[in-house]
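Heads up, the thing below is written out as structure tokens.
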Amino acid sequence: ARRLITPLFAGLMECDPDRIWTFEKFFHEVNKITNKRCLHFFSVSSGSTVHVYIDRTDKLAKLQEVIAAETDIRASNQLLLFDNNFFSNAISPLQAISTYPETSVKNPVYIFWKEGNEYQKMPMIDLPPFPQFTTAVTLDNDAAVAKISCGIVYLSQRNGQDLAQRHLSFSSAISAYITILSKDIEDLRKYIGLFNATVEETGERLKQVVDSHELVTNMLTLVLMGANNVPDDVQEIQEELKELVSNQEETYEEMKTAVDQLKNYIEEYHQKVIMEKELNNRWRVIATYKDKEKLDSRLDSLTRNVREVWESFRRNKTLKRLSFNDEQIHKFDRTKLSDNCKKAQSFYDFTRTQTQAVYKNFQEWFNLACKIRFRLMKIESQVTNQVDKQSAISKEMSKSSQLYTKKVQQLLGRIQGLVGENGPIENGKEEEEIVPEPEQDICGPGQLVADGPMSSLDLSLNDTSSITEY
């Protein structure tokens with residue numbers, strides 16, 4: 001409001017005749033101000049109420065610019081809450097201000113900051129000192145003192161009620177923040193639960209791969225049983241299959257451990273924040289301001305008594321002279337007015353001290369709440385990383401399964417080639433080749449033919465280099 005009223009007064013008090021506003025200009029500007037929409041905000045960073053006057057056709061972006069000018073919280077760092085929900089859920093970015101929900105001092109939009117705890121000094125108003133009565137009774141002077149005192153008491157009442165409302169606004173803002181925090185915990189808990197089910201499904205797929213690998217390994221063991229020398233390429237394919245399955249198991253175990261840890265973290269926050277209501281209980285313990293209604297009634301009583309004295313002094317002023325009894329009553333009212341002024345000052349100081357204590361306690365509470373929120377954001381970021389990792393593992397598992405199948409086919413093909421070269425395998429032994437007896441030439445006693453069939457038979461029986469047992 002200040003940025004609208006300042007140019008208005010500047011135009012009215014201008015001394016330069018060329019720059020003085022005309023009546024048409026003045027009423028035009030006043031009409032523009034009265035046609036603006038007033039939205040009520042409460043900034044928790046300063047503990048103050050902010051009244052924003054803005055054109056009814058403006059949008060959310062313009063509103064956040066005005067809020068940034070009033071609170072020094074840039075638009076990207078503003079967290080706006082309304083009715084225990086995000087303000088953005090009640091409106092749309094392109095929605096006109098004129099269609100926004102109604103706000104009030106008791107039901108404002110709460111302004112938090114998303115990053116950091118940059119607290120500002122809470123604005124406080126100091127009461128002017130109460131005037132003192134002179135020793136002698138002077139009707140004119142007493143009426144003037146009573147009038148000023150009455151105004152200061154009214155000021156203390158208004159400021160005291162404003163400070164009391166700040167405490168209620170702090171409590172309402174905390175309630176809204178806890179609601180949002182609890183909703184974030186529930187959503188993240190549900191998200192982790194769904195993701196954990198996906199991880200378990202991935203584990204089942206991996207288990208099937210491991211079981212298939214064990215089955216293939218057992219089959220290869222039976223096929224190659226009894227072989228003296230397994231070819232190098234067969235051993236190499238076996239090692240590749242083993243390494244392929246081992247890498248997938250290690251990656252999955254790392255991901256499963258990380259997800260289980262994140263699940264434990266979110267369950268712990270769910271237990272403390274939602275089930276045990278630790279943040280609610282902590283605020284109830286540290287909140288110190290109490291009995292607002294009782295304080296308001298006492299301030300109303302003081303204000304009423306002071307006004308009655310002032311009205312009495314104003315009537316006495318017109319009489320110019322009082323009777324003895326009226327003068328004694330006047331002196332009594334002077335003492336009564338002084339006592340009520342001291343009580344008003346005492347009540348205002350009490351309210352101010354209590355509100356400052358509430359603001360300090362709020363900073364302590366909000367630091368804890370921010371830590372929880374930042375940890376939730378970190379958990380969410382880690383879950384997102386694990387989701388990407390799981391997606392990569394799933395794709396890699398599909399590729400690995402295709403590669404695994406290809407390797408197994410190569411291995412089986414190699415074994416079939418070995419079996420084809422060396423004949424069928426039965427019970428781990430190669431069938432003996434039946435060699436027919438060669439016909440012998442008729443020679444003399446003790447004579448052999450060097451290049452005859454006998455020499456060929458001896459070679460085939462003695463040369464066993466081509467026989468391989470399985």
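- Applying the salt bridge (Lys or Arg N to Asp or Glu O under 4.0 Å) test to residues at least two apart or on different chains, none of the pairs has a partner in residues 337-346.
- The side-chain heavy atoms of Ile5 and Phe9, taken from C-beta on, include a pair separated by under 4.5 Å.
- A salt bridge does not link Glu278 with Arg282: none of the charged nitrogens is closer than 4.0 Å to a carboxylate oxygen.
- Under the 4.5 Å side-chain criterion, counting only non-hydrogen atoms from C-beta, Asn385 is not in contact with Val387.
- Without hydrogens or angle criteria, Asn77 side chain to Trp113 main chain gives no donor-acceptor distance under 3.5 Å.
- Applying the ring-ring contact (aromatic ring centres under 6.0 Å, His included) test to His28 and every residue at least two apart in sequence or in another chain returns nothing.
- Proximity of Val273 to Ser182: side-chain heavy atoms (C-beta onward) are separated by under 4.5 Å at one or more points.
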Q. Can you list the steps and then say if Tyr348 with Ile125 is a side-chain contact (heavy atoms from CB on, under 4.5 Å)?
A. CA-CA 10 Å; Tyr348 179 75; Ile125 299 177; 4.1 Å; yes
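- Between the SG atom in Cys150 and the CZ atom in Arg304 there is a gap of 12.5 Å [rounded to 0.5 Å].
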Q. Are Asn305 and Leu337 close enough, and set up right, to give a side-chain contact (heavy atoms from CB on, under 4.5 Å), and what steps lead you there?
A. CA-CA 8 Å; Asn305 292 337; Leu337 179 62; over 6 Å; no
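- Residues passing the salt bridge (charged side-chain N to carboxylate O under 4.0 Å, His left out) test with Arg307, sequence neighbours excluded: Glu311.
- Among residues two or more places apart in sequence or in another chain, the ring-ring contact (aromatic ring centres under 6.0 Å, His included) test is passed with Tyr177 by Phe112, Phe366.
- Residues Leu60 and Leu63 have side chains in contact (heavy-atom distance under 4.5 Å, counting atoms from C-beta outward).
- Rounding to the nearest 0.5 Å gives a distance of 10.0 Å between CG of Asn340 and CZ of Phe347.
- Heavy atoms only, all atoms of each residue included: Ala68 and Ala75 are closest at CB-N, 4.3 Å.
- Put simply, the side chain of Ile372 reaches to within 4.5 Å of the side chain of Leu279, judged on heavy atoms.
- In this structure, Glu380 and Tyr191 have side chains that are not in contact, with every pair of non-hydrogen atoms separated by 4.5 Å or more.
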Identify every side-chain donor-acceptor pair in residues 255-265 under 3.5 Å, counting partners at least two apart or on other chains, and give the distances.
{"unit_1": "Lys256", "atom_1": "NZ", "unit_2": "Asn196", "atom_2": "OD1", "d": "3.3"}
{"unit_1": "Thr257", "atom_1": "OG1", "unit_2": "Glu253", "atom_2": "O", "d": "2.8"}
{"unit_1": "Gln261", "atom_1": "NE2", "unit_2": "Tyr265", "atom_2": "OH", "d": "2.9"}
{"unit_1": "Asn264", "atom_1": "ND2", "unit_2": "Asp260", "atom_2": "O", "d": "3.2"}

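- Between the side chain of Ser301 and the backbone N or O of Ser297, no donor-acceptor pair lies under 3.5 Å.
- Between Arg158 and Asp162 no salt bridge is recorded (no basic side-chain N to carboxylate O distance below 4.0 Å).
- The backbone N or O of Thr351 lies less than 3.5 Å from a partner atom in the side chain of Thr355, making a donor-acceptor pair.
- Counting all heavy atoms, side chain and backbone alike, Ile152 lies closest to Pro129 at CD1-O, 3.4 Å.
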**Q.** Candidate pair Lys272 and Glu268, rule salt bridge (charged side-chain N to carboxylate O under 4.0 Å, His left out), full reasoning
**A.** CA-CA 6 Å; Lys272 291 184 178 180; Glu268 181 179 356; 3.3 Å; yes
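- Between the side chains of Glu70 and His51, no donor-acceptor pair of N or O atoms lies under 3.5 Å.
- Thr71 places a side-chain N or O within donor-acceptor distance of the main-chain N or O of Ile67, the cut-off being under 3.5 Å.
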Output a table of donor-acceptor pairs, distance under 3.5 Å, between side-chain atoms of residues 97-111 and any protein atom two or more places apart or on a different chain; print 'none' if there are none.
{"unit_1": "Thr99", "atom_1": "OG1", "unit_2": "Gln95", "atom_2": "NE2", "d": "2.8"}
{"unit_1": "Thr99", "atom_1": "OG1", "unit_2": "Ala96", "atom_2": "O", "d": "2.8"}
{"unit_1": "Thr103", "atom_1": "OG1", "unit_2": "His40", "atom_2": "N", "d": "3.0"}
{"unit_1": "Ser104", "atom_1": "OG", "unit_2": "Asn107", "atom_2": "N", "d": "3.1"}

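- Taken from CD1 in Ile379 to CZ in Phe374, the straight-line distance is 14.0 Å, to the nearest 0.5 Å.
- Within the 3.5 Å criterion, the main-chain N or O of Leu322 finds no donor-acceptor partner in the side chain of Asp326.
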**Q.** Worked verdict on Trp21 versus Leu8 for side-chain contact (heavy atoms from CB on, under 4.5 Å)
**A.** CA-CA 9 Å; Trp21 282 12; Leu8 190 67; 3.5 Å; yes
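- No donor-acceptor distance shorter than 3.5 angstrom exists from the side chain of Ser175 to the backbone of Ser171, with no hydrogens or angles considered.
- Annotation: side chain of Ser338 is not in contact with side chain of Cys341 (no heavy-atom distance under 4.5 Å).
- Scored by the salt bridge (charged side-chain N to carboxylate O under 4.0 Å, His left out) test, Glu254 finds Lys389 as partners (sequence neighbours excluded).
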Q | Verdict with supporting geometry, Thr202 and Gln390, side-chain hydrogen bond (donor to acceptor under 3.5 Å, both in side chains) | A | CA-CA 8 Å; Thr202 304; Gln390 188 274 336; 2.8 Å; yes
Please table the atom pairs, donor to acceptor, closer than 3.5 Å between any side-chain atom in residues 137-146 and protein atoms at least two apart or in another chain.
{"unit_1": "Asp142", "atom_1": "OD1", "unit_2": "Arg334", "atom_2": "NH1", "d": "3.1"}
{"unit_1": "Asp142", "atom_1": "OD2", "unit_2": "His330", "atom_2": "NE2", "d": "2.8"}
{"unit_1": "Asp142", "atom_1": "OD2", "unit_2": "Arg334", "atom_2": "NH1", "d": "3.2"}

Q: Carefully, step by step, assess Met124 and Arg352 under the rule side-chain contact (heavy atoms from CB on, under 4.5 Å).
A: CA-CA 8 Å; Met124 291 288 184; Arg352 178 172 176 168; 3.8 Å; yes
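- In terms of heavy atoms, Leu302 sits closest to Ala344 at CD1-N, 3.7 Å.
- Side-chain atoms of Asp83 never come within 3.5 Å of backbone atoms of Asn85 as a donor-acceptor pair (strictly under, hydrogens ignored).
- Note: Asp349 CG to Gln354 CD = 12.0 Å, rounded to the nearest 0.5 Å.
- Remark: Leu163 CG to Ser156 OG distance equals 10.5 Å, nearest 0.5 Å.
- Looking at Asn281, its side chain does come within 3.5 Å of a backbone N or O of Lys277 through a donor-acceptor pair.
- Partners of Thr34 under the side chain to side chain contact (heavy atoms under 4.5 Å, CB included) rule, at least two apart in sequence or in another chain, are Val30, Asn31.
- Between Arg298 atom CZ and Phe350 atom CZ the span is 10.0 Å, to the nearest 0.5 Å.
- Partners of Glu24 according to the salt bridge (charged side-chain N to carboxylate O under 4.0 Å, His left out) rule, which considers only residues two or more places apart in sequence or in another chain, do not exist here.
- In this structure, Tyr359 contributes its side chain and Ser45 its backbone to a donor-acceptor pair below 3.5 Å.
- Here Phe41 pairs with nothing under the ring-ring contact (aromatic ring centres under 6.0 Å, His included) rule; sequence neighbours left out.
- Every pair passing side chain to side chain donor-acceptor pair (under 3.5 Å) that includes a residue from residues 54-67 is listed here, sequence neighbours excluded: Lys36-Asp55.
- For the pair Arg189 and Asp184, the salt-bridge criterion is not met [side-chain N within less than 4.0 Å of a carboxylate O].
- Looking only at side-chain heavy atoms (C-beta outward), Phe195 and Gln386 come within less than 4.5 Å of each other.
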